[in-house]
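Below is one structure; the comments refer to it alone.
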Amino acid sequence: MIITALVENTSNCELKTAHGLSLYIQTKNHHILFDLGPDHTLFANAAKRGIDLSEIDTVIISHGHADHGGALFEFMTVNPTANIYIQKRAFEPHLNKTFGRDKFIGLDQSLIDDPQIILIDGDYKIDEELSLFTVTQTDKCHSPANDVLYGPSGRDNFSHEQNLLITENTTALVMGCGHCGIINILDKAKSFQPKVCIGGFHLINPTSKESAPTSLLDEILQELQAYQETRFYTCHCTGKEAYDYLSARQKTISYLSCGESITI
């Protein structure tokens, strides 16, 4: 299993950065894109690495925010055959209400009826290798960066967020932003004993740039003691300040920048 970041907020190579996420995942049976990023960045970076996006067979959109699914229409023009799995609530309106302004951050709602899109509701098993799951218990380690995010009925409860489990020789857990909370997500996935966890921890407000307090980071670190056998690769919405704090205290946490790959 090889996982490569094609869109991410940081880069230490020739690839372009963008605020968003897209992971290219090669498994025994699949060529997967987990999220698509906000814009054309995915396509420019894939071309630089010689990755043919027309060969993708499976797309997972982790949740209904444009920095993860903004390139959806362009992808479907390049690849009209891949199965695209999205939680049905992801197409509801989503807003960021920072500094008293309402900013639409949702997906293109005109795409909801496209036959290429598979709308799902809750947990879903794609095949023996790939499974999707949602999280309803979100009581642990709440990030204040979530408090500015709204859905159609008020503050977002992130019922539109899904996570991917890949089971080959070992099990990898892949998240988008981890809005439901890294600890809550790990709790739901505990029975699968993931050896690798990849994705954002959503510990920074992307508009105000305010990072989560150290009290929350300490709480997360305490909870992560139960996952000593898991290797963490965080990115995107974790934020440098939070990442530096966490990684300095737990050596199993690394950063995955744009262009970097993990072989599992």
Side-chain angles (χ1 to χ4, degrees), residues 1 3 5 8 21 23 25 27 34-35 60 62-63 87 122-125 128-147 149 156-205 211-257 260 262-264:
M1 188 190 316
I3 302 176
E8 205 275 323
L21 186 66
L23 303 176
I25 306 173
T27 70
F34 185 90
D35 287 336
I60 312 297
S62 64
H63 61 293
Q87 289 289 318
D123 298 355
Y124 186 85
K125 185 174 182 177
E128 292 303 314
E129 192 176 78
L130 307 177
S131 297
L132 300 168
F133 71 92
T134 58
V135 173
T136 56
Q137 293 295 115
T138 59
D139 55 313
K140 293 183 180 179
C141 303
H142 172 77
S143 173
N146 283 326
D147 293 344
L149 301 175
D156 206 328
N157 63 5
F158 303 106
S159 59
H160 56 100
E161 182 176 68
Q162 60 186 356
N163 311 279
L164 174 65
L165 285 166
I166 308 173
T167 304
E168 269 194 351
N169 299 324
T170 188
T171 299
L173 167 59
V174 187
M175 312 179 302
C177 279
H179 285 292
C180 289
I182 175 62
I183 303 306
N184 302 305
I185 293 168
L186 286 168
D187 283 354
K188 178 75 179 277
K190 187 178 291 185
S191 63
F192 295 92
Q193 299 180 314
K195 297 303 182 185
V196 176
C197 177
I198 302 163
F201 288 6
H202 200 67
L203 296 173
I204 188 171
N205 181 320
S211 184
T214 56
S215 58
L216 172 59
L217 304 183
D218 287 335
E219 187 180 350
I220 291 172
L221 287 167
Q222 182 62 39
E223 293 281 352
L224 287 180
Q225 297 310 301
Y227 300 93
Q228 292 294 324
E229 301 302 315
T230 303
R231 182 78 197 182
F232 295 91
Y233 295 89
T234 193
C235 53
H236 176 45
C237 56
T238 302
K240 185 178 187 302
E241 183 178 337
Y243 167 72
D244 287 346
Y245 188 91
L246 293 170
S247 61
R249 290 159 178 80
Q250 183 151 327
K251 300 307 180 185
T252 58
I253 300 176
S254 302
Y255 200 94
L256 183 67
S257 289
E260 296 177 344
I262 306 162
T263 300
I264 302 168

### Task
Test Ile264 against Thr170 for side-chain contact (heavy atoms from CB on, under 4.5 Å), laying out the working first.
CA-CA 8 Å; Ile264 302 168; Thr170 188; 3.3 Å; yes
### Ile166/Thr171 under side-chain contact (heavy atoms from CB on, under 4.5 Å): CA gap, chis, key distance, verdict
CA-CA 6 Å; Ile166 308 173; Thr171 299; over 6 Å; no
### Query
Leu224 and Gln250: side-chain contact (heavy atoms from CB on, under 4.5 Å), yes or no, with the steps?
CA-CA 9 Å; Leu224 287 180; Gln250 183 151 327; 3.7 Å; yes
### Query
Could you walk me through whether Gln137 and Lys140 pass the side-chain contact (heavy atoms from CB on, under 4.5 Å) check?
CA-CA 8 Å; Gln137 293 295 115; Lys140 293 183 180 179; over 6 Å; no
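To the nearest 0.5 Å, atoms CG (Leu130) and CD (Glu168) are separated by 9.0 Å. Within the model, atoms CE of Met175 and CZ of Phe232 stand 8.0 Å from one another, a figure rounded to the nearest 0.5 Å. Here the OG1-CG distance, from Thr234 to Leu256, works out to 9.0 Å after rounding to the nearest 0.5 Å. Separation of atoms OG1 (Thr263) and CE (Met1) is listed at 10.5 Å; rounding is to 0.5 Å. Interatomic distance, Thr238 OG1 to Tyr243 OH, rounded to the nearest 0.5 Å: 10.0 Å. Atom CG of Asn205 is separated from atom SG of Cys237 by 11.0 Å, given to the nearest 0.5 angstrom.
The salt bridge (Lys or Arg N to Asp or Glu O under 4.0 Å) contacts involving residues 219-238 comprise nothing, where partners must be two or more places apart or lie in separate chains.
Within a 6.0 Å radius of CG in Asp139, more than 12 heavy atoms belonging to other residues, nucleotides or ligands are found. The number of heavy atoms from other shown groups lying within 6.0 Å of CZ (Phe133) is above 12. Within 6.0 Å of the CD atom in Gln193, the count of heavy atoms belonging to other residues, nucleotides or ligands does not exceed 12.
Residues Thr252 and Thr230 are not in side-chain contact: their nearest non-hydrogen atoms beyond the backbone lie 4.5 Å or more apart. Residues Leu149 and Phe158 form a side-chain contact, since some pair of their non-hydrogen atoms from C-beta on lies under 4.5 Å apart. Side chains of Glu129 and Thr27 form a contact here, defined as non-hydrogen atoms less than 4.5 Å apart. Residues Ile60 and Gln162 are in side-chain contact: their nearest non-hydrogen atoms beyond the backbone lie under 4.5 Å apart. Taking the side chain as every heavy atom from C-beta outward, Ser62 and Phe34 approach each other to under 4.5 Å.
Residue Tyr255 comes nearest to His236 through the heavy atom pair OH-N, 3.3 Å, listed as atom of the first residue, atom of the second, then distance. Closest approach of Thr134 to Ser159, counting heavy atoms only: CG2-O, 4.5 Å. Taking all atoms of both residues into account, the shortest heavy-atom contact from Cys235 to Leu21 is SG-CD1, 3.8 Å. Closest approach of Ala189 to Leu165, counting heavy atoms only: CB-CD2, 4.4 Å. Smallest separation of non-hydrogen atoms from Leu216 and Pro144: CD2-CD, 3.8 Å. Minimum interatomic distance between Ala5 and Leu23 (heavy atoms only, all atoms of both residues): CA-CD2, 3.8 Å.
At a cut-off of 3.5 Å, with distance as the only test, no side-chain donor of Thr138 or Asn184 sits close to an acceptor on the other residue. Between the side chains of Gln228 and Gln225, a donor-acceptor pair is found at a separation under 3.5 Å. A donor atom on one side chain and an acceptor atom on the other are found under 3.5 Å apart for Tyr227 and Asp187.
Taking the six-membered ring where tryptophan is involved, the planes of His63 and His160 are tilted, since the angle between them lies from 30° to 60°.
Residues satisfying the salt bridge (Lys or Arg N to Asp or Glu O under 4.0 Å) test with Asp123, not counting sequence neighbours, are Lys188.
Considering Ile198, Ile185, Val196 as possible partners of Leu173, the one that fulfils the side-chain contact (heavy atoms from CB on, under 4.5 Å) test is Ile185.
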